[in-house]
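One structure is given below, encoded as structure tokens.
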Amino acid sequence: MERRDFLKGAAVLAVAPSLFDRAQAADDLPDVSSQLHTFPKDFLWGTATASYQVEGAVHADGRGPSIWDTFSHTPGKTYQGETGDVADDEYHLYKHDVALMSRLGVKGYRFSIAWPRIFPEGTGTPNPKGLDYYKRLLDQLQEAGIEPFCTLFHWDLPQVLQDKGGWASPATGRAFAYYAAYTVGQLSDRISHWMTINEFDSFIDAGYGSGEFAPGLRLPRRELMQTRHNAVLAHGLAVQAIRAAAKRPIKVGLAEDISGTMPAIDDEVHIRAAQIALREKNAPYMTVILEGKYTERYLRGLGADAPRFTPEDLKIISSPIDFLGINVYTTQEVIPADSEPGYLVVSRQASYPHMASDWLYINPQALYWTPKLVADTWGVRTLYITENGCSADDVIRPDGRVLDTDRIMYLRNYLTQLHRGISEGVPVRGYFLWSLLDNYEWTSGYSKRFGITYVDFQTETRTPKLSFDFYQHLIRTNAVV
Ligand code: BGP
């Protein structure tokens, strides 16, 4: 018996082509390997930043204070008390940064507008000087042939609105829609792609739940759940306000750090489990925005702490969007389970590798599975990767170079998986690398470097890293190998 099996194995081996045979046969074939890794012709390569993280100039031209100014100036809240007061000083160095983007060859720049530059008081009278800065930036981008993708809220809430309750108050959502309408009315002639809000759970759950981010509150669960609801409602109100205010056809979306899931094993039951987990893990934000309802399990789990809402709220929250932006850094493996809820999100073992930030677990398949599952689950037809990238322990060598091969390894592997998805028809239209520059990384201050350009924060000198050259080459060839 054993011997027969052995013979069977041997027979299979004998007919399988050897590596040598395959190499010979490949001579007669077109160069499939490079074709396999080429992106679509109109694929939009870009980079991303956010106002408080790069602009600095926090007192310039009438900008009002934001909750991040207050929070970062509160002792003990950020790494070594670091603040975004100066950051990359992009407010003054934007020409330089656009030139850097031109050199890189990107076709898109995702940036955010600081609400307190436009409305220092949160609402009411706009500040034309604040708006002028973005006009100057947009002129520069236009000259360079770089398409702007604009986020209206990347966490720098005007402090005056926080003083009245911030996102815990529904009035903030109304003020947000007002700010969105005004800004879009002023800039829709130059900007076609608008994102309402960046990463709900980062500024809501970390800002009003764990207190780790500005405004640093720890609300009771019931209030936190209502605050989550206020935020998605604010998104919906803004979508409607943007459409009404636009002076020409524009595209509206958002940028969400969707809680990614992937099957631990690529079979049907695991894929199904990953899909169910995706809906549940994103129930407070993405799921309700795309489905117009909270999942039963989410509401049941919250019991008396569930948010209160009306059917009209749900309609507003799920106002149709034109594209979905997802920020993808990592993901979590899922396996099926016999008992409720039918899946298990596997907690990572201590040996799971991560980049310089301890939360940034390396899982290149995130860029395959997250867009794929999102598209399959919700029928999304236009996706952008609005952030992907990593922190690394970059050092300037004596020769002045930064040879960040670990970041290149990360990007190469993630982008190979993105390519895999696109080649199977996953509708990802563009990719924005986080980030163009090392910048102010919130509570990590300047200690975590995510840029493909090294920034000396004493002198504001920019030094492109090796990963900059890698990305430049990738964009030029429109391929990853
Ligand atoms: C995303 C944010 C970015 C950026 C990035 C890096 O969550 O949208 O603004 O900061 O993550 O993460 P972090 O700075 O939290 O380490």
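What you see is a predicted model, and the numbers here were worked out from it, not measured in a lab. Just so you know, ligand 1 is whichever comes first in the structure, and atom 1 is the first atom listed for that ligand.
An N or O contact shorter than 3.5 Å is missing between S444 and ligand 1 by distance. Taking any N or O of N198, backbone or side chain, at least one lies under 3.5 Å from an N or O belonging to ligand 1. Between H154 and ligand 1, an N or O atom pair is found at a separation short of 3.5 Å.
Look at R228 and D205 and you find a salt bridge, because one of the NZ, NE, NH1 or NH2 atoms lies within 4.0 Å of a carboxylate O, short of that distance.
Nearest to atom 10 (O) of ligand 1 by heavy-atom distance, out of E199, E441, E256, E212, is E441. Distances from atom 5 (C) of ligand 1 to the heavy atoms of F203, F213, Y329, F450 show the closest one on Y329.
Proximity of the aromatic rings of Y208 and W167 is defined here by a centroid distance below 6.0 angstrom, and this criterion is not met. Taking the six-membered ring for Trp, Y179 and F153 have ring centres at least 6.0 Å apart. Less than 6.0 angstrom separates the ring centroid of Y178 from the ring centroid of F119. Separation of the W434 and Y329 ring centroids does not fall under the 6.0 Å cut-off. A distance of 6.0 Å or more separates the ring centres of F71 and F213.
Figure legend: cation-pi geometry between R412 and F470 absent, as NZ or CZ is not positioned both under 6.0 Å from the six-membered ring centre and within 45° of its axis.
No heavy atom of K448 sits closer than 4.0 Å to any atom of ligand 1.
Among protein heavy atoms, the minimum distance from atom 9 (O) of ligand 1 is reached at Q53 OE1, 2.6 Å. In terms of protein heavy-atom proximity, atom 2 (C) of ligand 1 is nearest to E387 OE1, 3.3 Å. With hydrogens left out, the protein atom closest to atom 12 (O) of ligand 1 is W359 CZ2, 3.4 Å, a heavy atom. With respect to atom 15 (O) of ligand 1, the closest heavy atom belonging to the protein is W442 CD1, 4.1 Å.
No part of D257 comes within 4.0 Å of ligand 1, judged by heavy-atom distances.
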Margin query: Using salt bridge (charged side-chain N to carboxylate O under 4.0 Å, His left out), reason through K251 and D322 one step at a time and then give a plain yes or no.
Written below: CA-CA 6 Å; K251 306 278 184 204; D322 304 307; 5.5 Å; no
